[in-house]
Protein chains: 2
Amino acid sequence: MTHTGRKPDEGERYRAILETAARLICERGYEGTSMQEIAAACRMTKAGLYHHIQNKEQLLFAIMNYGMDLFEEQVLSKVQDIADPVERLRACMRHNILLVTRGWSKEVIIILHEHATLTGEARAFIDARKKKYVDFLQEAFAQAAAQGRIRPVDPTIGAFSFLGMVLWIYKWFKPDGRLTDEQIADGMVDLLFPQVAAAGAEGQPGTSPLRVVRPTGTTGPDSSGTGTETP
Amino acid sequence: MTHTGRKPDEGERYRAILETAARLICERGYEGTSMQEIAAACRMTKAGLYHHIQNKEQLLFAIMNYGMDLFEEQVLSKVQDIADPVERLRACMRHNILLVTRGWSKEVIIILHEHATLTGEARAFIDARKKKYVDFLQEAFAQAAAQGRIRPVDPTIGAFSFLGMVLWIYKWFKPDGRLTDEQIADGMVDLLFPQVAAAGAEGQPGTSPLRVVRPTGTTGPDSSGTGTETP
DNA sequence: ATGGTATTACCTACCGGTCGGTAGGCTGCT
DNA sequence: AGCAGCCTACCGACCGGTAGGTAATACCAT
């Protein structure tokens, strides 16, 4: 007998397959990963793998839905009840950046990279789940702008600027670079949603477009060796 | 045998092949596009195509170098001599956004999407060309911050925020959406590099992090139907 | 407790087709 | 004559996917 004997709690095994497949697809791309390789990584034959899944595209669809679940659990659900729109956006950006930089969910990276791989209904379904996030951001931007808390900006442009800054990170971030993910999160949050000084103590009015609490902080002076990738 | 560099006398046909291949690879991805399809789109057989190129990876490398040439010609060369760092960044963002939104150069989109497809020396070569752009942006951010023209921000974080906003656009922009590319460019430039009022006439200090020239402009009030894609 | 029957979870072996790439031949221009 | 440019024909490897079998387990009436 093979070394089975254990009872894998139904969905447990399936999720393990999704995570293994996600790891490979994240590394080599969807088209660049064969079912053979995925099966081998799951310590199975290809036919054995096909016992659990329908076909390759459905596998990708399942991975992406799993990734959206993880995102909603680790980002959206943690910030959507924050009353203040700016604080909501700040916390959201922070959580989202850390979701991307910490490599715990390859599924999320696949959602980001393979944005045009799925077609038809599966594509539409994932896009609809994404759109809920965009709507959430747009509303927060609209509220923040209506309260005069941020510069007046088209909520769509605000939302997609937010997303660009945050999600592009997957293309260049390396965990052993000069900047930690925490520093990146802090820096980007303060760049897009600056904290206003509590008291208006002015040094000189100058031409600086806005006053800031944070002095200069951890910002090193132009050390060109970044340790990060190119975008 | 053939040498790596193409001879200039018959560059026309070669560039047409690059552009045709780029169109297909941009649509279906590098791994998802076969040499068969590329050859057919060039109205050739596969063997005929291989008369002009060495192999598939070299073809991608040539496309990416061509894309970097186009980028440097249409963006970098037009802004790198602007003395004022903020104006340099504003103009650069604008040109770069329009390079992405107008679909004239599929090669550039391929550079963005296939950021991890090349390996070895070819990958390092393209990455080095990209890095020159990152360095250019970092220096501009450092200068602008040193002059107090923008919020003090780590130049690396500034540069990659800039790039994220600009380059992520390829994932969601549709030319027939609600926002034109010009509106997106204007909105993003004003969001990241706000124009300061010429005279410091203050109404009330308030909580608004910065004072703005632009009143509310073309910003429509939260029309949720965006016409754009999901990110 | 027992035997019978489904069901699950895999396997080997194979399918038609396509992959990137090449050998060698045939044109037509110089 | 020589060569660029392009062709037909083909290579071995691999693609996504399936047919059919097998061992182990789960369920269940007796």
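Both backbone and side-chain heavy atoms feed into the values below; hydrogens, waters and symmetry mates do not. All values reported here derive from a predicted model rather than from experimental measurement.
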Ignoring backbone atoms, establish whether B:Ser34 has a side-chain N or O less than 4.0 Å from OP1 or OP2 of C:dT18. no
Considering only heavy side-chain atoms of A:Tyr50, the closest of D:dT8, C:dC10, D:dT18 is D:dT18
Assert: residue with more 5' nearest nucleotide on DNA chain C, out of A:His51 and A:Ala47, is A:His51
To the nearest angstrom, the CD-P distance between B:Glu37 and C:dG17 comes to 17 Å
Separation of D:dG5 atom C1' from B:Tyr14 atom OH, nearest Å, is 16 Å
**Message:** Check for me whether A:Lys56 meets the cation-pi criterion with A:Tyr50, that is, NZ or CZ under 6.0 Å from the six-membered ring centre and within 45 degrees of the ring axis.
**Reply:** no
CD (B:Glu72) and CD (B:Gln80) are apart, to the nearest 0.5 Å, by 8.5 Å
Taken to the nearest whole Å, CZ/A:Arg43 to C1'/C:dA9 is 16 Å
In whole angstroms, the gap separating P of C:dC19 from CG of B:Leu49 amounts to 13 Å
- Task: Please state whether the phosphate of C:dC10, meaning OP1 or OP2, lies under 4.0 angstrom from any side-chain nitrogen or oxygen of A:His52.
- Result: yes
A:Glu31 CD to D:dG16 P, in whole Å, measures 9 Å
| said: Are A:Tyr66 and A:Phe61 an aromatic pair, judged by ring center distance below 6.0 Å? | reply: no
In whole angstroms, the gap separating P of C:dG17 from CD of A:Gln36 amounts to 20 Å
Side-chain contact check for B:Lys46: nearest option of D:dG17, C:dG21, D:dC7 is C:dG21
- Query: Can you find a donor-acceptor N/O pair under 3.5 angstrom joining the side chain of B:Lys56 to the base of C:dG21?
  - Reply: no
Whole-Å distance, B:Met35 CE to C:dT22 C1', equals 13 Å
Checking D:dT8, C:dC10, D:dG17 against the side chain of A:Met44 (C-beta onward), the nearest is C:dC10
Separation of C:dT18 atom C1' from B:Arg28 atom CZ, nearest Å, is 14 Å
According to the interplanar angle, ranging from 0 to 90°, do the rings of A:Phe141 and A:Phe193 count as parallel (below 30°), tilted (30 to 60°) or perpendicular (above 60°)? tilted
Next item on the list: Please check the phosphate of D:dC6 (OP1 and OP2 only) for any side-chain N or O of B:Arg13 closer than 4.0 Å.
Entry: yes
Could you tell me if A:His95 and A:Lys78 have a donor-acceptor pair between their side chains, going purely by distance under 3.5 Å?
no
